Protein chains: 2
Amino acid sequence: MTLPDAPRLPERVAAVIARQIAEGRYRPGAKLPPESRLSEVFGVSRSVVREAISRLKTEGLLDSRQGKGVMVLAPAARTAFRMEAVNRLSQQELAQFYEMRSVVESETAALAARRRNAADLKRLRGCLARMAQAVEEGTDGTGPDVEFHRNLAEASGNRYLKELMEFLNARAGQVIRTARDHSSRSAKLPAQVQREHEEIFEAISAGDAEAARRISRRHLQNAARRLGISTLGA
Amino acid sequence: MTLPDAPRLPERVAAVIARQIAEGRYRPGAKLPPESRLSEVFGVSRSVVREAISRLKTEGLLDSRQGKGVMVLAPAARTAFRMEAVNRLSQQELAQFYEMRSVVESETAALAARRRNAADLKRLRGCLARMAQAVEEGTDGTGPDVEFHRNLAEASGNRYLKELMEFLNARAGQVIRTARDHSSRSAKLPAQVQREHEEIFEAISAGDAEAARRISRRHLQNAARRLGISTLGA
DNA sequence: GTTACCAGGTTGTCTGATGACTTGACCCTG
DNA sequence: CAGGGTCAAGTCATCAGACAACCTGGTAAC
C-alpha cells in the first residue's frame with residue numbers, strides 16, 4: 001500500500017463546510033449559500049460543490065431539497081459514530097480507544113453468558129479448536145480470532161452491540177497490523193491469548209456473566225499491554 | 001417537518017453498490033467497473049455515479065485513484081458505526097438500542113466517578129440546579145438534561161466514550177421526541193427523573209464507581225420503561 | 001535485461017444546458 | 001378583503017461533453 005495521496009477537492013470542500021458547521025457559522029436549520037455561490041467562494045466547479053454536499057448528506061450533517069436549498073441538520077440527524085484512522089492516534093488516544101473497546105466487549109460478553117444457546121457454544125468451540133490448531137502449528141490465527149469475537153457478540157442477542165463491537169474490532173485490527181508492520185512480530189497467535197479465549201468461553205458456557213465480564217476485560221487490557229499501550233489511570 | 005422525499009439517484013445508486021459489496025459481489029481489493037460503465041449499467045449520468053462513489057468513499061467502503069480506478073476497501077477501513085433512523089425501529093430493536101445505551105452510559109458513569117474533578121462536579125451541579133428549576137416551574141428540562149449527560153461523559157476522561165455517548169443520546173432524543181409527538185406528553189421533566197439524576201451525581205461526587213454504574217443503569221432502564229420499551233430478557 | 005516512449009483507459013474537474021421544484025409577487029374573482 | 005391562480009426568478013437534480021492528470025501495459029531502442 002502506497003502513501004495516501006492528497007485529498008481531492010470534494011473531500012476538502014466537505015471538510016471546510018463541516019468545520020464551519022462545527023464552529024457555529026451555520027447553525028442547525030440554517031441554509032447554506034446556493035451551490036452556485038459556494039462554487040464562486042471556493043473557486044471550484046459546481047460539480048465539486050455537489051460532491052462535497054453529497055458527502056455531508058451521507059453524514060447526516062446536511063439535507064437538500066430541489067428548489068429549496070441545502071439545510072444544516074440538527075446533531076440528532078447525524079447518522080454515525082466516527083473514528084479517524086487509527087494510525088493517526090496518539091498513545092493517549094489509543095489507550096482511550098482500548099478502554100472503550102474493553103467496556104463494550106466485556107459487557108457484551110456478560111450478555112452472551114446470559115443468553116448463549118447450544119448453537120452459540122458450538123460455534124465458539126469451533127473457533128477455539130481452529131485457534132488451538134493455529135497455536136500448535138505456529139500459523140496465522142487471526143481469522144478464527146476475529147470469528148470468535150464475532151460469535152461472542154452474536155450470542156449477546158443484541159444486534160447493536162454486535163455491530164458496534166465489529167466496528168471497534170475492525171479498528172483494533174488496524175492497530176494490530178500497524179504494530180506488526182513496525183516490528184518483527186508475526187501473526188502467530190500466542191498461547192497466552194488462546195488461554196484467555198478459553199477462559200472467556202468457560203465463563204460464557206457456564207452462564208457466569210460476572211466472570212465473563214471480568215475475564216473479557218482482563219483479556220482486552222492484556223491485549224493493549226501486548227501492543228505497548230498503557231492503561232489509563234483511576 | 002414534512003415527509004422525507006424519495007432518495008435521489010446518487011443515494012440510490014450508492015445503496016445498490018453498498019449492497020453488492022455486502023453480498024460479496026465486489027470483494028475487498030476488487031476494482032469496480034469504470035464510472036463510464038456504471039453509468040451505462042445504472043442508466044444514469046456519470047455525475048450521479050461520481051456522487052454515489054463519493055458517498056461511499058466517505059463511508060470508507062471505496063477508494064479511488066486517478067487513472068487507476070475505484071477499489072473496494074477492507075472492512076477495517078469503515079469509518080463509522082451507523083444506525084438507521086430510530087423512528088423506523090421495531091420495539092425489539094428499540095429495546096436493544098436502549099440496552100446498548102445503558103451499557104455505555106453506566107460504564108461511562110463509573111469512569112466519571114473515578115476521574116471526576118472539582119470542575120466536573122461544579123458543572124454537574126449547575127445542570128442539576130437548572131433541572132430542579134425546570135421541575136419546579138413545570139418547564140422544558142431537556143436542555144439541562146442533555147447537558148448533564150454531556151458533562152458526565154466529559155468527566156469520564158475518555159473522549160471516545162464521550163462521543164459515542166453523545167451519538168447514542170442524540171438518537172435517544174429522537175425516540176423521546178417521537179414518543180411525545182404521538183401522545184399528549186410534554187417536555188416537562190418528571191420529579192422522579194430528577195431524583196435519579198441527583199442519585200447519579202451523589203455517586204459520582206462520592207467517587208463510588210460501583211454505585212454510579214448501578215444507579216445509571218437503573219436510570220436508563222427506567223427511561224426505557226417510561227417510553228413503553230420493555231427490557232430484554234436474561 | 002533495462003529504460004524510454006506511447007497509446008489507451010480511467011478518474012478529476014470544468015462548462016453548459018435543461019428539467020423539476022419552491023417561493024413570492026401580482027392579478028383576478030367572488 | 002380573502003382566496004386562488006399564474007408567472008418569474010431562484011435553486012437543486014441530472015445530463016452531456018470536453019479536457020487535464022494519472023496509470024498501465026506493450027513495444028522499441030540500447
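Order of the sequence lines sets the chain letters (A, B, ...), proteins ahead of strands, with each chain counted from 1. Since this is a predicted model, take the numbers as computed values, not measurements.
Using a 4.0 Å cut-off between charged nitrogen and carboxylate oxygen, B:E163 and B:R159 count as a salt-bridge pair.
Taking five base pairs at each end of the helix from C:dG1-D:dC30 to C:dG30-D:dC1 and finding the rotation axis that steps the C1' atoms of four pairs onto the next four gives two axes whose angle is 0°, to the nearest 10°.
B:R50 is linked by a salt bridge (Lys or Arg N to Asp or Glu O under 4.0 Å) to A:E51, B:E35, counting only residues two or more places apart in sequence or in another chain. The side-chain hydrogen bond (donor to acceptor under 3.5 Å, both in side chains) search around A:D120 returns A:R123, not counting sequence neighbours. In this structure, the ring-ring contact (aromatic ring centres under 6.0 Å, His included) partners of A:F148, at least two apart in sequence or on a different chain, are A:H197. For A:K57, there are no salt bridge (Lys or Arg N to Asp or Glu O under 4.0 Å) partners at least two apart in sequence or on another chain. Among residues two or more places apart in sequence or in another chain, the salt bridge (Lys or Arg N to Asp or Glu O under 4.0 Å) test is passed with A:R12 by none. With sequence neighbours excluded, the residues forming a side-chain hydrogen bond (donor to acceptor under 3.5 Å, both in side chains) with B:E147 are B:R150, listed by chain and number. Remark: A:E137 engages A:Q133 in a side-chain hydrogen bond (donor to acceptor under 3.5 Å, both in side chains) (not counting sequence neighbours). B:R78 pairs by the salt bridge (Lys or Arg N to Asp or Glu O under 4.0 Å) definition with nothing, not counting sequence neighbours.
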Inset, instruction - Do nucleotides 7-16 of chain D as a string where each nucleotide becomes B, S or -: B if the base has a protein heavy atom under 4.0 Å, S if just the sugar-phosphate does, - if no protein is that close. - result: ---BBBBBB-
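Non-hydrogen atoms lying under 4.0 Å from DNA chain C are contributed by nothing in residues 13-22 of chain A.
The outermost nucleotides of DNA chain C lying under 4.0 Å from heavy atoms of chain A, listed 5' to 3', are C:dG12 to C:dT23.
Interatomic distance, B:L56 CG to B:I21 CD1, rounded to the nearest 0.5 Å: 6.0 Å.
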